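Everything numeric in this text was worked out from a predicted model, so none of it was measured. In what follows, chains are A, B, ... by sequence order, proteins preceding strands, each numbered from 1. In what follows, every heavy atom counts, from backbone to side chain, and hydrogens, waters and symmetry copies are set aside.
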Amino acid sequence: MNTTKRYTVTSALPYANGALHLGHLAGAYLPADIFVRYLRLLGKDVVWVCGSDEHGAAITIRAKKEGISPRAIIDKYHELNKGSFERLGISFDIYHRTSADLHHETAQDFFKHLDAKGGEFEEKTNEQYYDEEYNQFLADRYITGTCPKCAHTEAYGDQCENCGSDLSPTELINPKSTLSGKTPILKETTHWYFKLDKHAAWLQEWIENGQVEGKEHHNPKAWKNHVLGQCLSWLSDLRPRAITRDLDWGIPVPAKGADGKVLYVWFDAPIGYISATKQWAIDNNKNWEDYWKSEDAELIHFIGKDNIVFHCIVFPAMLKAHGDYVLPTNVPANQFLNFEGRKFSKSKGWGIEMHQYLEEFKDFPNKEDALRYALIRNMPESKDADFKWDEFVEFHDNELVANIGNFINRVVVLTNKYYEGIVPEAINNESAASELASVHTIITELCQEIEKYNFRNAIQKLMELSSVGNTYLQDVSPWKIWKEDPECQAVKNCLHNCIQIVGFLSVLCEPFIPFSSDKIRALLNLPKVNSGNLASLLDLFKAQKSLIPAGHKIGDPTLLFAKIHDRKDHSRLELIEKQKADLQAILDAEVPPHEPVKDTTTYDDFVKLDIRTGTIVEAEKVKKTDKLLKLTVDVGFEKRTIVSGIAKHYKPEDLVGQEVVLLVNLAPRKLRGVESQGMILTAENTKGELCLISPKQVFGNGFVVK
RNA sequence: GGCGAGGUAGCUCAGCUGGUUAGAGCGCAGGAUUCAUAAUCCUGAGGUCGAGAGUUCAAGUCUCUCUCUCGCUACCA
């Protein structure tokens with residue numbers, strides 16, 4: 001590790017309108033926890049900040065729906081998430097919230113500074129939907145209407161939750177305000193935009209080469225591939241981004257003519273890292289600027305991949321535009337965790353939330369570390385990963401129980417049996433030199449892996465450490481020697497060395513499985529690990545001194561982990577089986593997905609559609625498209641050119657001669673430069689497969705379908 | 001179509017700037033052992049490194065083409 005004096009570590013601020021699930025935990029919190037605990041063990045000066053992100057329209061909407069205040073929502077989820085984190089050993093230095101006054105001030109100051117500086121913002125006026133009854137502009141989420149793509153009648157202004165397509169409010173058919181239920185009008189409004197585009201050049205240099213203004217800033221090779229890739233693909237097309245909204249929930253924009261406007265959440269949220277640090281500094285008698293404005297401060301953002309663009313482009317641009325702040329030296333974004341083969345989905349009940357796990361596994365011994373271990377072992381560090389209960393069981397029983405737990409138990413039992421728990425002295429210990437050397441190598445590698453954010457590898461090193469212990473114990477087989485000669489020095493040496501390994505484990509496992517670390521320390525009759533413990537451990541090792549000296553009395557043997565596949569006690573296996581059964585029940589209960597039935601229409605409306613039979617006479621692909629075919633269709637009285645999105649399902653040559661049914665009085669429209677004069681009718685099933693609709697027998701062209 | 005990531009043993013993945021018979025863990029098969037939560041330890045089987053072409057004395061590793069998976073994006077009348 002380099003000579004940096006301070007670390008400022010952040011984890012993505014959870015949005016306070018819902019509970020976090022295991023995917024969030026594995027993405028941005030657990031990895032940061034490992035990293036920060038490790039730094040603390042080395043005695044580094046580090047602050048790790050996080051907190052609730054409590055603004056934005058989604059919260060006000062939810063509050064309205066549930067008939068409670070936004071404040072009630074954020075209080076509820078702030079407490080819930082904060083509590084779950086604590087119970088899982090996520091050791092933030094502060095879990096702040098963006099509703100705090102300190103944050104409001106900080107964010108407003110930040111805005112004012114950029115505004116006063118000039119050149120960073122611009123104001124633009126455009127038309128947005130406005131609710132005349134409530135006299136306010138409507139955020140995207142406040143408008144519902146019919147989705148233009150799937151005809152779902154309750155699509156939001158920014159997204160249709162039925163078909164998943166991203167929308168803009170003006171695309172909605174029949175828009176309605178969720179406040180008054182009435183049709184909103186379009187009205188001009190002014191917003192502030194952050195001129196992101198003007199930062200493109202230095203951002204590129206910074207991300208690609210790790211240099212800022214010709215000065216080396218960080219090693220770009222230390223960044224994850226997928227992070228670099230995504231950043232660079234964004235850089236080619238940076239545009240000014242709106243940073244204000246017409247909303248009454250959030251941080252008021254501190255500028256003239258900004259009544260009724262608040263800072264857009266993505267602008268205020270990352271500033272939350274700064275305000276959290278300020279609050280922590282006040283509470284702990286520190287100077288927050290040392291962690292944000294000092295050259296020897298190293299800023300690291302832990303996030304999920306959905307946040308890469310904000311943390312690698314937008315926020316750095318904000319910091320640089322401001323001028324006084326350091327830029328992140330790394331953004332080790334994780335990919336996504338799936339759950340038993342599917343995406344986590346709250347609405348479908350797929351997956352498990354942190355508080356839910358804690359509740360349902362409340363009788364499971366060492367449940368926190370069991371979960372942490374499984375998530376770390378299979379962390380989505382460089383590609384999406386999948387959480388499976390079967391793997392959870394395997395990791396737990398084969399690795400935590402059979403490898404680490406068993407080794408520690410063997411050593412503690414033997415020491416108690418042979419020496420009444422007193423650590424024996426090692427004399428002429430050279431025979432164990434190779435074991436101790438490999439222990440040293442593993443410890444070194446473990447540290448390096450953590451420093452490279454490779455936590456999966458790191459935790460496997462932990463397992464290697466206890467494997468070396470197990471192998472060593474097996475090689476010496478002290479129980480054999482002891483039967484012949486209880487006073488034999490070889491037995492004493494062996495157990496002395498094994499206890500040292502247990503001691504190393506107790507320290508090195510702390511970043512990963514802190515609850516177990518405490519238990520191992522208790523077994524060894526030692527205090528909990530503390531800041532700087534790893535540094536002194538490494539020093540002792542160098543000086544070839546024992547971590548736990550001869551004569552020290554260790555505790556009585558107790559089990560660290562209880563096997564899930566236990567012959568006598570099936571309770572834990574049943575717990576797992578229940579989880580699996582619950583998932584199966586969801587799968588079984590699933591109604592075949594279907595399009596919602598549209599609103600009732602009339603015969604008069606129906607006859608407006610002129611649907612006729614026809615025959616495809618020519619077909620070719622439209623260039624530079626995936627799905628589009630240009631078809632010439634004979635409708636009897638004339639030939640029509642029709643562009644149709646069926647290229648993924650039909651080859652042009654197979655279509656010629658095919659009879660079809662088509663809408664002939666649809667207004668013509670250009671698609672990719674080709675004018676389409678109608679629409680071929682197809683059906684689409686849930687797999688997305690298309691089927692042309694056509695007469696059952698040869699019928700002739702141009703006849704009306706009714 | 002554009003951009004990004006990825007396709008390596010049954011499964012999950014390592015393989016840096018190209019260099020001897022391609023690795024680990026799990027799983028599997030055989031053996032050893034009993035201090036230990038039927039845990040541990042040893043040995044072994046298993047891969048034409050997505051396909052093809054090229055550069056090179058030498059390619060999983062570089063270049064090109066193709067193909068499949070995932071994400072973003074365009075398009076779907």
Side-chain angles (χ1 to χ4, degrees), chain A residues 148-150 165-166 221 224-237 305-306 308-309 335-336 338 377-378 381-386 388 390-391 394-395 397-418 449 454 456-457 459-460 463-464 466-467 469-483 491 494-495 498 557-569 621-629 642-649 662-663 666-672 676-682 684 688 690:
Chain A
K149 319 225 161 166
C150 75
S165 43
D166 289 323
K221 285 186 180 156
K224 296 189 188 192
N225 262 344
H226 72 271
V227 174
L228 286 176
Q230 237 195 76
C231 291
L232 295 175
S233 82
W234 269 87
L235 279 174
S236 52
D237 188 29
K305 67 174 165 185
D306 51 332
I308 290 175
V309 64
Q335 307 250 21
F336 286 152
N338 289 321
R377 195 62 178 65
N378 192 19
E381 284 173 343
S382 55
K383 55 179 86 168
D384 289 356
D386 195 11
K388 297 191 187 83
D390 284 344
E391 277 187 355
E394 262 179 40
F395 292 151
D397 281 6
N398 296 347
E399 301 183 13
L400 284 179
V401 180
N403 197 329
I404 289 196
N406 186 225
F407 170 65
I408 292 169
N409 189 238
R410 296 169 88 182
V411 173
V412 174
V413 166
L414 286 173
T415 307
N416 273 287
K417 205 168 191 173
Y418 298 165
E449 295 291 4
N454 295 332
R456 292 166 71 125
N457 288 351
I459 204 164
Q460 295 205 56
M463 207 52 53
E464 267 183 49
S466 65
S467 273
N470 272 320
T471 308
Y472 173 54
L473 210 48
Q474 198 73 25
D475 285 350
V476 178
S477 292
W479 47 91
K480 281 186 186 168
I481 307 172
W482 191 75
K483 271 183 199 155
V491 176
C494 176
L495 282 173
C498 284
T558 51
L559 296 181
L560 286 174
F561 303 99
K563 257 202 157 188
I564 295 170
H565 280 288
D566 187 313
R567 287 193 297 177
K568 294 172 200 142
D569 178 357
K621 271 201 88 166
V622 178
K623 279 178 193 161
K624 301 208 173 187
T625 67
D626 262 359
K627 299 186 183 174
L628 299 186
L629 288 185
I642 290 178
V643 178
S644 184
I646 57 174
K648 286 209 163 165
H649 305 86
L662 66 158
L663 185 60
L666 185 65
R669 163 139 177 198
K670 268 197 174 182
L671 290 171
R672 287 267 142 185
S676 180
Q677 305 159 324
M679 174 173 166
I680 305 274
L681 301 191
T682 59
E684 181 178 9
L690 289 185

Query raised in the report: For A/Lys483 and B/C35, is the shortest distance between a side-chain N/O and OP1 or OP2 below 4.0 Å?
Result: yes

Requested in this report: Pick out which of A/Val413, A/Asn406, A/Ile408 makes a side chain to side chain contact (heavy atoms under 4.5 Å, CB included) with A/Arg410.
Outcome: A/Asn406

Report summary line: From CD of A/Glu391 across to P of B/C11 the rounded distance in Å is 13 Å

Requested in this report: Decide yes or no on side chain to side chain contact (heavy atoms under 4.5 Å, CB included) for A/Leu560 and A/Asn409, but give the supporting numbers first.
Outcome: CA-CA 8 Å; A/Leu560 286 174; A/Asn409 189 238; over 6 Å; no

Requested in this report: Output all residues satisfying side-chain hydrogen bond (donor to acceptor under 3.5 Å, both in side chains) with A/Glu391, sequence neighbours left out; order by chain, then residue number.
Outcome: A/Asn378

Query raised in the report: Within the structure shown, what part of the strands sits under 4.0 Å from A/Phe561 by heavy-atom distance: base, sugar-phosphate, or nothing?
Result: base

Requested in this report: Can you tell me, in whole Å, how much space there is between the P of B/G18 and that of B/U56?
Outcome: 16 Å

Query raised in the report: Base, sugar-phosphate, or nothing for A/Val413, non-hydrogen atoms under 4.0 angstrom?
Result: sugar-phosphate

Report task. Kindly point out which of B/A38, B/A39, B/C35 is positioned nearest to the side chain of A/Asn406? Result -> B/A39

Report task. Measure from the side chain of A/Asn409, starting at C-beta and using heavy atoms only, and say which of B/A36, B/C35, B/U12 lies closest. Result -> B/A36

Query raised in the report: Where each pair must be Watson-Crick or G-U wobble with both distances under 3.5 Å, what dot-bracket representation of RNA chain B is obtained, with crossing pairs in [ ] and other-strand partners as |?
Result: (((((((..((((.....[...)))).(((((.......))))).....(((((..]....))))))))))))....

**Report entry** Rounded distance (Å) that lies between atom C1' of B/A5 and atom CD1 of A/Ile308
**Finding:** 10 Å

**Report entry** Options B/U12, B/C41, B/C35, nucleotide nearest the side-chain atoms of A/Asn378
**Finding:** B/U12

**Report entry** Closest to the A/Gln335 side chain, choosing from B/A5, B/U37, B/U12
**Finding:** B/A5

Query raised in the report: Between A/Arg410 (CZ) and B/U34 (P), how many Å, whole number?
Result: 12 Å

Query - Nearest listed nucleotide, side chain of A/Arg456, among B/U40, B/A5, B/C13 - result: B/C13

Query raised in the report: What distance, rounded to whole Å, do you find between the two P atoms, one in B/U61 and one in B/A51?
Result: 10 Å

Query raised in the report: Syn or anti for B/G25, with syn set at within 90° of 0?
Result: anti

**Report entry** Interatomic distance, A/Asn454 atom CG to A/Gln460 atom CD [nearest 0.5 angstrom]
**Finding:** 11.0 Å

Query raised in the report: When we call it a touch if two heavy atoms are under 4.0 Å apart, what does A/Val411 touch: a base, just sugar-phosphate, or nothing?
Result: nothing

Query - Point-to-point distance, once rounded to the nearest 0.5 Å, from SG of A/Cys498 to CZ of A/Phe407 - result: 4.5 Å

Report summary line: Of the listed B/A5, B/C35, B/U37, the closest approach to the A/Leu560 side chain comes from B/U37

**Report entry** Nucleotide-resolved protein contact map, nucleotides 22-33 of chain B, B/S/- at heavy-atom distance under 4.0 Å
**Finding:** ---SSS-----S

Query - Euclidean distance, A/Gln335 CD relative to A/His226 NE2, rounded to 0.5 Å - result: 4.0 Å

Requested in this report: Compare side-chain N and O positions of A/Ser382 against OP1 and OP2 of B/A14 and report whether any pair is under 4.0 Å apart.
Outcome: yes

Report task. Using a heavy-atom cut-off of under 4.0 Å over every strand shown, decide if A/Lys305 touches base, sugar-phosphate, or nothing. Result -> nothing

Query - Interatomic distance, A/Ile459 atom CD1 to A/Phe395 atom CZ [nearest 0.5 angstrom] - result: 9.5 Å

